[in-house]
Colleague: 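I'd like to ask you about the structure that follows.
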Protein chains: 2
Amino acid sequence: MTNPDNVVRALGALAQEHRLAVFRLLVQEGAQGMAAGDLAARIGVPPSSMSFHLAQLANAGLVTQRRQSRSIIYTADFTAMNALMGYLTDNCCGGADCGIEAAACCATDEEARGAA
Amino acid sequence: MTNPDNVVRALGALAQEHRLAVFRLLVQEGAQGMAAGDLAARIGVPPSSMSFHLAQLANAGLVTQRRQSRSIIYTADFTAMNALMGYLTDNCCGGADCGIEAAACCATDEEARGAA
DNA sequence: TCCATATTTCAGTATTTATCGAAATATGGA
DNA sequence: TCCATATTTCGATAAATACTGAAATATGGA
């Protein structure tokens with residue numbers, strides 16, 4: 001996530017009403033995640049549209065997916081999210097002491113997927 | 001910056017190679033900021049293109065501008081940037097204790113503009 | 001006033017993106 | 001195997017965005 005292309009792709013993925021809502025929902029769900037169909041119902045878009053949006057988020061590395069029986073569960077990738085925010089604030093104010101903090105949100109993605 | 005529309009606009013503004021580079025440059029410049037023409041030269045795009053991109057960033061509230069003689073100096077709006085990041089991580093993991101930190105980067109915008 | 005510098009607006013074109021119904025694919029269970 | 005559920009892919013259309021040269025606007029100084 002440390003190269004401009006990936007960051008642009010991630011920001012572009014989030015720069016859309018429905019995808020932003022999906023991502024925030026997944027961030028709030030945490031490691032549990034949510035199935036594609038549930039997301040479609042919750043956000044209020046047809047399954048095919050949700051699939052399109054989820055593909056963009058996944059392509060951008062912002063969400064991961066796992067199959068659970070017939071459903072595909074999507075989970076926010078917190079590591080990617082933190083890297084994204086770190087990129088935006090990188091070397092803030094030329095490195096002067098200005099109180100910047102690298103946001104560390106939630107568990108790492110490996111933990112979120114229950115890799116334990 | 002706390003409503004989805006504004007956030008989408010801000011993310012869309014950053015989701016473009018040149019604008020992302022401009023914003024990061026301004027973040028690194030801090031309160032000093034940089035003139036539109038200098039930005040165009042530094043990024044390597046024609047002045048008219050830079051103007052287009054700066055307008056998008058300004059419209060999204062990510063940068064502010066001030067005139068200094070014949071030049072227009074652009075400065076990153078750190079307050080907006082922090083609000084943006086806060087929006088993405090809002091209620092992370094359902095509010096469970098997961099180590100989330102609201103990133104506080106650099107000075108507030110008022111301070112950055114030298115309102116003292 | 002006149003000129004040089006700095007930036008923005010305009011116009012036209014090419015590219016990308018969002019949308020969603022219908023059809024295709026994949027899984028689980030009887 | 002056959003059916004129901006869950007998701008994705010396809011196809012076509014509408015809308016938004018990026019790009020940049022030329023012209024317009026604004027400022028500062030002689």
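Chain naming here is simple, since letters A, B, ... match the order of the sequence lines and numbering starts at 1 in each. Quick caveat: nothing in here was measured; it's all calculated off a predicted structure.
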Colleague: Please determine whether a side-chain nitrogen or oxygen atom of B:His53 lies at a distance below 4.0 Å from atom OP1 or OP2 of D:dT17.
Modeller: no
Colleague: Contact class for B:Ser71 vs. all strands (heavy atom < 4.0 Å): base, sugar-phosphate, or nothing?
Modeller: sugar-phosphate
Colleague: Within the structure shown, what part of the strands sits under 4.0 Å from A:Ser69 by heavy-atom distance: base, sugar-phosphate, or nothing?
Modeller: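 Sugar-phosphate: the residue A:Ser69, judged by heavy atoms under 4.0 Å, touches backbone atoms but no base.
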Colleague: Roughly, in whole Å, what's the span from CZ in B:Phe52 to C1' in D:dT17?
Modeller: 6 Å
Colleague: Does D:dA4 pair with anything, Watson-Crick or G-U wobble, both distances under 3.5 Å, and if so, with which nucleotide?
Modeller: C:dT27
Colleague: Starting from C1' on C:dA18, measure out to CG on A:Asn59 and report it in whole angstrom.
Modeller: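 Those two atoms, CG and C1', are 16 Å apart.
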Colleague: What's A:Ala35 touching, base or sugar-phosphate or nothing? Going by heavy atoms closer than 4.0 Å.
Modeller: sugar-phosphate
Colleague: Which nucleotide, D:dA18, C:dT8, D:dT20, lies nearest any side-chain atom of B:Gln56?
Modeller: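 Nearest to the side-chain atoms of B:Gln56, counting from C-beta on, is D:dA18.
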Colleague: To the nearest Å, how far apart are A:Gln65 CD and D:dA6 P?
Modeller: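 Atom CD in A:Gln65 sits about 17 Å away from atom P in D:dA6.
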Colleague: In whole angstrom, give the distance that lies between atom CG of B:Asp38 and atom P of C:dT5.
Modeller: 15 Å
Colleague: If I take atom CD in residue B:Gln68 and atom C1' in nucleotide D:dT27, what distance separates them, rounded to the nearest angstrom?
Modeller: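 To the nearest whole Å, that distance equals 13 Å.
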Colleague: Any donor and acceptor pair, going by atom type alone, linking the side chain of A:Arg66 with main-chain N or O of A:Gln68 inside 3.5 Å?
Modeller: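 Here the side-chain-to-backbone pair does not exist.
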Colleague: Take atom CD1 of A:Ile72 and atom C1' of C:dA26, then tell me their distance rounded to the nearest Å.
Modeller: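 Those two atoms, CD1 and C1', are 9 Å apart.
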Colleague: Please state how far atom CD in B:Glu17 lies from atom C1' in C:dT15, giving the value in whole angstrom units.
Modeller: 15 Å
Colleague: I'd like to know if A:Leu57 and A:Ile72 are part of one continuous hydrophobic network [Ile/Leu/Val/Met/Phe/Trp/Tyr, side-chain heavy atoms within less than 4.5 Å].
Modeller: yes
Colleague: Among A:Glu29, A:Met50, A:His18, which one satisfies side-chain contact (heavy atoms from CB on, under 4.5 Å) with A:Leu39?
Modeller: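 The passing option is A:Met50.
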Colleague: Any side-chain N or O of A:Tyr74 under 4.0 Å from OP1/OP2 of D:dA6?
Modeller: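 False: A:Tyr74 side-chain N/O out of range (4.0 Å or more) of D:dA6 OP1/OP2.
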Colleague: After noting the C-alpha distance and the side-chain angles of B:Tyr74 and B:Leu26, does the key distance pass the side-chain contact (heavy atoms from CB on, under 4.5 Å) rule?
Modeller: CA-CA 8 Å; B:Tyr74 283 85; B:Leu26 290 179; 4.0 Å; yes
Colleague: Would you say the side-chain atoms of A:Arg19 pair up with the backbone N or O of A:Gly12, donor to acceptor, closer than 3.5 Å?
Modeller: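 Yes, A:Arg19 side chain to A:Gly12 backbone: donor-acceptor pair under 3.5 Å.
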Colleague: Let me know the distance between CZ of B:Arg9 and P of D:dA16, rounded to the nearest Å.
Modeller: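 For the pair B:Arg9 CZ and D:dA16 P, the rounded distance is 13 Å.
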Colleague: Mind checking B:Ser51 for me? I need base, sugar-phosphate or nothing, with any heavy atom below 4.0 Å counting as a touch.
Modeller: base
Colleague: Check whether any side-chain nitrogen or oxygen of B:Gln16 sits under 4.0 Å from OP1 or OP2 of D:dC19, and answer yes or no.
Modeller: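 B:Gln16 to D:dC19 OP1/OP2: side-chain N or O found under 4.0 Å.
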Colleague: B:Arg67 has a side chain; which of D:dT8, C:dT19, D:dT27 sits nearest to it?
Modeller: D:dT27
Colleague: Please classify the nucleic acid contact of B:Pro47 as base, sugar-phosphate, or nothing, using heavy-atom distances under 4.0 Å.
Modeller: base
Colleague: Across the strands shown, which category fits B:Ala55 at heavy-atom distances under 4.0 angstrom: base, sugar-phosphate, nothing?
Modeller: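 Touches nothing.
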Colleague: Given that A:Ser48 and A:Arg70 both sit by DNA chain C, which one's nearest nucleotide is further toward the 5' end?
Modeller: A:Ser48
Colleague: Could you identify the nucleotide paired to C:dC10, looking across every strand shown and requiring Watson-Crick or G-U wobble geometry with both distances under 3.5 Å?
Modeller: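 Partner of C:dC10: D:dG21.
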Colleague: Applying side-chain contact (heavy atoms from CB on, under 4.5 Å) between B:Arg9 and each of B:Asn6, B:Leu11, B:Val7, report the one that passes.
Modeller: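 Of B:Asn6, B:Leu11, B:Val7, side-chain contact (heavy atoms from CB on, under 4.5 Å) with B:Arg9 is met by B:Asn6 alone.
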